[in-house]
Student: 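Take this structure first; my questions come after.
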Amino acid sequence: MNCQRVRQIFPELLDSRTSATQVPSGSTGTIEEARAHLASCPDCQREFARLSQTMQALDTLPIAPPSGRLRRDFYAMLEEEKHSAESVRAAAERQYRVRRAAMWRWVLSPLAACALVAAGFFAGRKVTPMAPAPATSSPDAVALQQQIKQLQDQVSNMGTLVSYSLLQQQQRPANDRLRGVMSSATLENPSDRAINDLISAVAFDSSPNVRLRALEALYPHAEQDVVRAGVLASLGREQNPLVQVSMIDFLAAANDVEARPALEKISVSVASDENVRNAARRALTQF
Amino acid sequence: MGPPANPLAPGNLPMVNRARAATTVESATEQRPDHALMLAVRGGELDALGELFERHHGRLFGFLVKLTGDRTAAEDISQIVFQRMLKYRHTYRDDGSFTAWMYHLARRCAADHFRRASAAPHAIDPSALHDHADDAPHAAHHATTRDDHALLHAALARLDHGDREVLLLSRFQELSFAEVAGILECSVGAAKVRAHRAMHALRDIYFNLQSTRTGQGKIP
Ligand SMILES: [Zn+2]
């Protein structure tokens with residue numbers, strides 16, 4: 001092996017990831033051969049020392065730690081994300097997924113649900129003796145496609161109607177937001193999205209009136225785990241005694257035993273409003 | 001958004017605080033590997049990212065200072081890297097490597113930063129990196145450690161950005177060359193060739209600067 005060849009292999013020799021028997025890329029010699037040359041060639045030894053010295057200097061180059069700003073900004077960002085509607089919902093979801101099995105509904109987006117309905121409809125059609133095998137051009141298939149399209153439109157219209165995105169729309173007047181809550185509430189079969197919006201309103205809306213109205217609207221859906229979990233989480237954030245009492249009443253009416261530890265704490269907490277403590281005690285006797 | 005968390009709020013915040021409590025307990029008893037922590041973040045346990053931040057932000061910042069030659073930019077980019085981890089947590093893969101992913105994001109964020117800053121190559125002012133590093137460059141006949149550091153920063157600054165990038169990444173021995181290649185979006189062979197070329201280039205610049213400073217003339 002000549003000096004030039006060996007020097008091309010130096011980087012491999014300085015790399016702890018290189019194994020002793022490896023044949024370096026683009027080289028005919030092995031690591032062992034390079035080492036042997038290096039042991040007996042002073043020129044190469046000097047070159048190797050320089051490279052090794054440079055790399056060691058680079059690896060150990062001290063960098064003063066970042067200012068406190070980085071850590072402060074990071075944790076502020078993390079807190080903000082944790083309190084975003086999506087994260088609160090995800091946390092509720094995670095918590096309850098572990099314990100209960102009836103969560104599958106939540107996973108289905110309106111469109112996925114629509115696809116299921118459409119698939120069911122399609123399957124139903126297929127087994128009807130009247131229906132011929134659906135060819136793409138047959139009038140039957142066209143009708144079917146129209147019906148699926150209609151279904152999709154219905155679902156997506158419902159989505160638009162109730163797209164009450166609180167976090168982005170806090171600037172809207174409370175009355176406006178209230179109307180948003182009402183439209184979510186008046187749907188006969190609100191989608192998961194609508195329910196999500198109502199939970200977000202309970203948790204995050206700045207107006208107590210909107211929070212109360214949203215809570216009311218959730219009563220018909222109190223049987224859903226995610227609804228109770230959302231109200232329970234919101235109770236921890238809530239500062240208005242009137243809303244706190246309403247939330248406690250809600251959890252009591254829903255007979256949510258998960259809320260028991262939190263209610264027990266409230267019932268003895270001197271920091272709580274007296275009415276709130278009483279409501280918690282009352283609720284505890286109802287379980 | 002919403003009322004601030006009430007310190008006197010009754011009850012434990014069921015969703016917000018449990019995760020933190022769990023993290024504290026677990027880190028007290030055992031160190032969860034990076035990968036497990038990031039999977040937890042992906043699954044919604046956002047507090048696990050705090051642990052990853054504590055473990056990695058120092059090295060990430062160091063990498064970015066060496067890459068950009070600018071501490072303020074390095075802080076900004078570090079922050080954006082963690083922001084993207086949070087934002088894109090759903091894209092973290094089951095078979096992923098956290099460190100490789102972090103440097104992948106860092107490289108992208110640094111590129112965005114440079115695109116925003118200017119199209120021209122970034123010039124590094126070594127005195128901004130090391131206070132008093134060049135107090136008396138001509139008076140010193142013997143290299144002090146501090147001067148060596150300043151010289152190395154200057155040498156790094158003279159490397160082409162791509163060379164600096166591949167060199168710094170290849171020095172992280174915990175990254176395999178396959179991962180380095182993945183981050184750079186090239187083949188393993190190409191990554192090695194580029195890294196090796198950059199090593200030689202840095203050595204030449206570094207020793208030239210040293211010999212210029214000590215007035216010993218050029219390297220034989
Ligand atoms: Zn030789």
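Here the structure is a predicted model, which means the values were calculated and not measured. Worth knowing before you read on, the calculation uses all heavy atoms, side chains too, and leaves out hydrogens, waters and symmetry mates. Chain naming here is simple, since letters A, B, ... match the order of the sequence lines and numbering starts at 1 in each.
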Student: For A/D15, which atoms come within 4.5 Å of any heavy atom of chain B: side chain, backbone, both, or neither?
Tutor: both
Student: Between A/L14, A/T60, A/L78, A/V268, who has the most heavy-atom pairs with chain B when the cutoff is under 4.5 Å?
Tutor: A/L78
Student: For A/Q56, is the CD atom crowded, meaning more than 12 foreign heavy atoms sit under 6.0 Å from it?
Tutor: no
Student: Does B/K87 form a salt bridge (charged side-chain N to carboxylate O under 4.0 Å, His left out) with A/E81? I'd like the steps, not just the answer.
Tutor: CA-CA 9 Å; B/K87 188 171 173 191; A/E81 179 67 25; over 6 Å; no
Student: Heavy-atom distances under 4.5 Å only: say whether A/A64 touches chain B with side chain, backbone, both or neither.
Tutor: both
Student: CZ/B/R171 to CE/A/M55 distance, rounded to the nearest 0.5 angstrom?
Tutor: 6.0 Å
Student: Name the option with the most non-hydrogen atom pairs under 4.5 Å to chain A; the candidates are B/A195, B/S176, B/S170.
Tutor: B/S170
Student: What are the two closest non-hydrogen atoms of A/A57 and B/Y206, and how far apart are they?
Tutor: CB-OH, 4.0 Å
Student: Please work out which of the three classes, parallel, tilted or perpendicular, describes the rings of A/F74 and B/F53, given edges at 30° and 60°.
Tutor: parallel
Student: Would you check if the side chain of B/E75 reaches a backbone N or O of A/S67 as a donor-acceptor pair within less than 3.5 Å?
Tutor: yes
Student: Got a second to check how far B/H196's NE2 is from A/L51's CG, nearest 0.5 Å?
Tutor: 9.5 Å
Student: Please classify the contact between B/L202 and chain A as side chain, backbone, both or neither, with a heavy-atom cut-off of under 4.5 Å.
Tutor: both
Student: Has the side chain of B/R71 got a donor or acceptor atom that lies under 3.5 Å from a matching backbone atom of A/P65?
Tutor: yes
Student: Need one label for B/F82: side chain, backbone, both or neither, based on atoms under 4.5 Å from any heavy atom in chain A.
Tutor: both
Student: Could you grab the distance from atom OG1 of A/T54 to atom CG of B/D204, nearest 0.5 Å is fine?
Tutor: 8.5 Å
Student: Under the criterion salt bridge (charged side-chain N to carboxylate O under 4.0 Å, His left out), I'd like the reasoning laid out for B/D76 against A/R69: C-alpha separation, chi angles, the key distance, then a yes or no.
Tutor: CA-CA 10 Å; B/D76 292 345; A/R69 179 178 70 107; 2.8 Å; yes
Student: Determine whether more than 12 heavy atoms belonging to other residues, nucleotides or ligands lie under 6.0 Å from atom CD of B/E185.
Tutor: yes
Student: Could you tell me whether the side chain of A/Q8 reaches within less than 4.5 Å of the side chain of B/V193, counting heavy atoms only?
Tutor: no
Student: On a heavy-atom basis, which atom in B/F177 and which in A/R17 lie closest, and how many Å separate them?
Tutor: CE1-NH2, 3.8 Å
Student: Side chain of B/R203, backbone of A/F48: donor and acceptor closer than 3.5 Å?
Tutor: no
Student: Heavy-atom count around B/Q173 CD within 6.0 Å, excluding the residue itself: above 12?
Tutor: yes
Student: Using non-hydrogen atoms only, which part of B/L86 is less than 4.5 Å away from chain A: side chain, backbone, both, or neither?
Tutor: side chain
Student: At a heavy-atom separation under 4.5 Å, does B/R59 approach chain A through its side chain, its backbone, both, or neither?
Tutor: neither
Student: Keeping B/K66 on the side-chain end and A/L58 on the backbone end, is there a donor-acceptor pair under 3.5 Å?
Tutor: yes
Student: Contact part of A/R71 toward chain B, heavy-atom cut-off under 4.5 Å: side chain, backbone, both or neither?
Tutor: both
